[in-house]
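Structure first, then comments.
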Amino acid sequence: MSLQQANKWLDTHSLTIPALAAHKQAIDELLEQEQLSHELVPLAAHDTGLLLNILSAVNERRGAGSGRDIVESPQAAIALLGEKVSHEIFKNAPVAEKQLTNPEQLFAFLQIINRSYHNEIQATSWAIENGHKQIDQIKVMALLAYSGELLCCLYDFDTYLQYLVSGANSQAALQAFGFQFPHLTEALCQRLNLPDLLTRSLPHSNDPGVRAQLLRFTARLCDVCESGWYNDSMLAVFTEFAEFLDQPVDQVMARTHQFSITSARQSPIENAWQPAARLILISDQHRQPLSRQQQQIESKTDATASVHSDDNPKTSTPDVFERIKKMVKQADVSQSDILNACLKGLFEDIELSKVSLMLLSKDKQTLQNRMVIGIDQQSPFRRYKIALQQSGLLKLLMQKPQAIWINPNNIKKYQQLIPQSLQASIMTHDFLAMSLFIGNQPIGLVYADRSNTPQTLDPATFTRFKQLISLTSKALTLLSKR
């Protein structure tokens with residue numbers, strides 16, 4: 001039904017995508033210098049609109065039953081069309097910056113074009129790393145991957161605006177247009193006899209070809225990352241992509257981030273919003289300096305609290321250290337009770353804002369979050385899981401009872417040891433971690449930080465953190481001997 005609706009939409013709208021002004025100007029200048037006409041190919045191959053124009057022109061009579069192969073290369077297309085025809089196409093190509101007079105529409109169009117360039121870098125970079133041939137063909141498919149969405153933005157912007165306001169996802173597209181953008185791209189491929197690989201690499205295709213799958217993953221990756229790199233949807237894409245590539249997910253994430261930065265640096269669109277801008281490269285949590293008046297208020301509050309505490313020592317609640325010591329003496333206490341008390345103490349007594357307990361699996365192969373406090377329901381860290389052999393710093397901590405405080409002063413030293421998936425989940429470079437033991441056997445580790453609060457971690461907090469985890473290990477060991 002979605003494909004049928006997409007074809008109906010194409011019946012009443014243009015199939016042309018305008019070129020970028022910078023590319024059109026460069027081509028016009030080259031056309032005036034006939035001896036440099038060979039330089040037209042790389043320019044045309046790097047512009048989604050021009051690329052679509054020449055491929056549709058050369059493949060116009062090459063559909064099914066024609067007995068002629070579909071042309072996939074822009075260089076071959078220009079050669080087959082001949083200089084006269086191809087030059088005429090370039091001269092008459094519409095320009096986006098002139099065609100789109102609505103600033104909002106132009107910005108939306110350029111963002112999709114920029115995503116196409118991001119997809120081109122991701123697809124070709126991963127293709128090269130994995131030994132693929134015919135890189136130029138992959139580049140063409142990556143640039144044309146969002147053609148359907150581009151047409152909707154160009155020729156039905158009011159509806160496209162509704163799609164953006166409604167969440168900018170596949171369901172929003174279906175409600176606004178009656179079809180999803182990849183189905184419109186498929187319908188466009190059928191109308192213009194575009195390369196078969198483009199159709200086979202669309203999200204709704206089940207084509208098992210390696211190139212088609214690679215293109216499907218990178219197009220999806222570049223689409224999802226525009227809503228942020230650190231969420232469940234993005235983590236799911238990375239996980240599936242890593243399985244496809246047969247590589248560790250942390251390695252795939254790291255390389256993808258690097259390719260995204262490359263794309264941002266090479267993008268021909270100056271004012272585009274770049275997904276790489278959302279990558280966490282340094283700590284993003286900073287304590288705001290208090291005004292003198294705020295400092296005075298806090299000092300008075302602390303002094304008052306201190307006086308009240310001294311006046312009523314017997315009414316104060318025992319701290320977590322005393323509570324755990326008393327719990328160990330109880331006959332019906334369980335290891336789970338001790339662990340819960342430890343995490344609650346870190347959160348309430350030591351005032352850490354995010355606390356989690358990662359436990360080793362029975363086969364000692366994976367670490368997974370089992371208890372959390374202060375972590376949002378939507379946070380991917382709640383369900384964080386990693387193979388021990390790929391966990392770097394976490395694996396080192398599990399070798400003996402030991403703790404570490406990662407902070408902006410030492411992050412460079414430990415950066416390579418911290419799993420990319422962990423950094424993406426916790427979204428901070430200021431945290432504590434310590435292994436948890438029963439006797440001589442590691443069972444997991446405790447993580448904590450003070451992100452999203454005005455307080456920062458300090459040596460005193462780190463000391464109390466270590467003392468509490470050590471006490472918890474001793475308590476668990478005592479219970480195991482009963």
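Just so we're clear, the structure is a prediction, and the values are computed from it rather than from any experiment. For this chain, numbers begin at 1 and follow the sequence in order.
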Can you tell me if S147 uses its side chain to pair, donor with acceptor, with the backbone of L144 under 3.5 Å?
-> yes

Exam field: side chain R62 to backbone D69, donor-acceptor pair closer than 3.5 Å = yes

Could you tell me which non-hydrogen atom of A142 sits nearest to which non-hydrogen atom of E120, and how far apart they are?
-> CB-CA, 3.7 Å

Residues L154 and T16: closest non-hydrogen pair is CD1-O, 3.9 Å

Determine whether L339 and S336 make a side-chain contact, defined as any pair of heavy atoms from C-beta on separated by less than 4.5 Å.
-> no

Ignoring hydrogens and angles, tell me if any N or O in the side chain of N102 forms a donor-acceptor pair with the backbone of E104 under 3.5 Å.
-> yes

Of all residues at least two apart in sequence or in a different chain, which pass the side chain to side chain donor-acceptor pair (under 3.5 Å) check with N59?
-> none

Cut-off 3.5 Å, side chains only: do D196 and T199 have a donor facing an acceptor?
-> no

What distance do D449 atom CG and S353 atom OG have between them, rounded to the nearest 0.5 Å?
-> 4.5 Å

If you take all heavy atoms of S480 and T477, which pair is closest and at what distance?
-> OG-O, 2.6 Å

May I ask you to decide if P459's main-chain N or O and T463's side chain share a donor-acceptor pair within less than 3.5 Å?
-> yes

Do T48 and L51 come close enough that some side-chain heavy atom pair is under 4.5 Å?
-> no

Parallel under 30°, tilted from 30 to 60°, perpendicular over 60°: which one fits the rings of F381 and Y384?
-> tilted

Would you say the side chain of V140 lies within less than 4.5 Å of the side chain of S73, judging by non-hydrogen atoms?
-> no

Under 3.5 Å side-chain donor-acceptor pair for Q390 and Q251 = no

Euclidean distance, C153 SG relative to Y163 OH, rounded to 0.5 Å = 10.5 Å

Find the distance between OG (S470) and CZ (F465) and round it off to the nearest 0.5 Å.
-> 9.5 Å

Under 3.5 Å, side chain of S421 to main-chain N/O of D250, donor-acceptor pair present?
-> no

Are L3 and Q190 close enough, and set up right, to give a side chain to side chain contact (heavy atoms under 4.5 Å, CB included), and what steps lead you there?
-> CA-CA 11 Å; L3 182 59; Q190 295 173 353; 4.1 Å; yes

Output a table of donor-acceptor pairs, distance under 3.5 Å, between side-chain atoms of residues 392-406 and any protein atom two or more places apart or on a different chain; print 'none' if there are none.
from	atom 1	to	atom 2	distance (Å)
K395	NZ	Q389	OE1	2.8
Q402	NE2	L396	O	2.7
W405	NE1	D430	OD1	3.0

For the residue pair S86 and I78, what are the closest heavy atoms and their distance?
-> OG-CG2, 3.7 Å

List the steps and the verdict of side chain to side chain contact (heavy atoms under 4.5 Å, CB included) for F238 and Q420.
-> CA-CA 11 Å; F238 275 130; Q420 286 284 332; over 6 Å; no

Steps toward side chain to side chain contact (heavy atoms under 4.5 Å, CB included) verdict (R383, L235) | CA-CA 11 Å; R383 295 164 291 281; L235 191 58; over 6 Å; no

Do the side chain of Y117 and the main chain of H46 share a donor and acceptor less than 3.5 angstrom apart?
-> yes

Is there a donor-acceptor pair under 3.5 Å between the side chain of K354 and the backbone N or O of N452?
-> no

N/O donor-acceptor pairs under 3.5 Å from side chains in residues 180-187, not counting sequence neighbours:
from	atom 1	to	atom 2	distance (Å)
H183	ND1	S2	OG	3.2
T185	OG1	G148	N	2.9
T185	OG1	F181	O	3.3
E186	OE1	H204	NE2	2.7

Do H13 side-chain atoms and W9 backbone N/O form a donor-acceptor pair below 3.5 Å?
-> yes

Could you tell me whether a side-chain N or O of Q213 sits under 3.5 Å from a main-chain N or O of P208, the two making a donor and an acceptor?
-> yes

Which value, rounded to the nearest 0.5 Å, describes the distance between D47 atom CG and L43 atom CG?
-> 8.5 Å

Among all residues two or more places apart in sequence or in another chain, which pass the side chain to side chain donor-acceptor pair (under 3.5 Å) test with N53?
-> none

Can you find a pair of side-chain heavy atoms, one from S379 and one from M427, that are under 4.5 Å apart?
-> no

Please check if any side-chain donor atom of N369 sits under 3.5 Å from a side-chain acceptor atom of S356, or the reverse.
-> yes

Are the side chain of N114 and the backbone N or O of Q274 linked by a donor-acceptor pair below 3.5 Å?
-> no

Is any side-chain heavy atom of S435 less than 4.5 Å from a side-chain heavy atom of P442?
-> no

Return yes when atom NZ of K385 has more than 12 non-hydrogen atoms of other residues, nucleotides or ligands closer than 6.0 Å, and no otherwise.
-> no

Distance from E149 atom CD to I112 atom CD1, nearest 0.5 Å?
-> 4.0 Å

Please report the closest heavy-atom contact between A76 and V71, naming both atoms and the distance.
-> CB-CG1, 3.9 Å

In a check of side-chain contact (heavy atoms from CB on, under 4.5 Å) between L357 and each of L436, V372, I373, which one passes?
-> L436

Q105 atom CD, neighbour heavy-atom count above 12 within 6.0 Å = yes

Kindly indicate whether the side chain of L221, heavy atoms from C-beta on, has any atom under 4.5 Å from the side chain of M234.
-> yes

Does atom CG of N206 have more than 12 heavy-atom neighbours from other groups under 6.0 Å away?
-> no

When rounded to the nearest 0.5 angstrom, what is the spacing between CG in L279 and CD in Q258?
-> 10.5 Å

For atom NZ of K466, decide whether the heavy atoms of other residues, nucleotides or ligands shown that lie under 6.0 angstrom number more than 12.
-> yes

Is any side-chain heavy atom of R382 closer than 4.5 Å to a side-chain heavy atom of D232?
-> no

Contacts satisfying side-chain hydrogen bond (donor to acceptor under 3.5 Å, both in side chains) that involve residues 216-225 (not counting sequence neighbours) are N119-T218, R220-E240

Checking side chain to side chain contact (heavy atoms under 4.5 Å, CB included) for the pair T461/Q455: CA distance, chi angles, key distance, verdict?
-> CA-CA 11 Å; T461 301; Q455 287 181 289; over 6 Å; no

If you measure only the distance, is there a donor-acceptor pair under 3.5 Å linking the side chains of Q423 and H429?
-> yes

Side-chain contact test, heavy atoms from C-beta onward, threshold under 4.5 Å: evaluate it for C225 versus H118 and give yes or no.
-> yes

Can you name the nearest heavy-atom pair linking L432 to F462, along with the distance?
-> CD2-CD1, 3.6 Å

Distance-only donor-acceptor pairs under 3.5 Å for side chains of residues 166-178, two or more places apart:
from	atom 1	to	atom 2	distance (Å)
S166	OG	Q162	O	2.8
N169	OD1	Q171	N	3.2
N169	OD1	A172	N	2.7

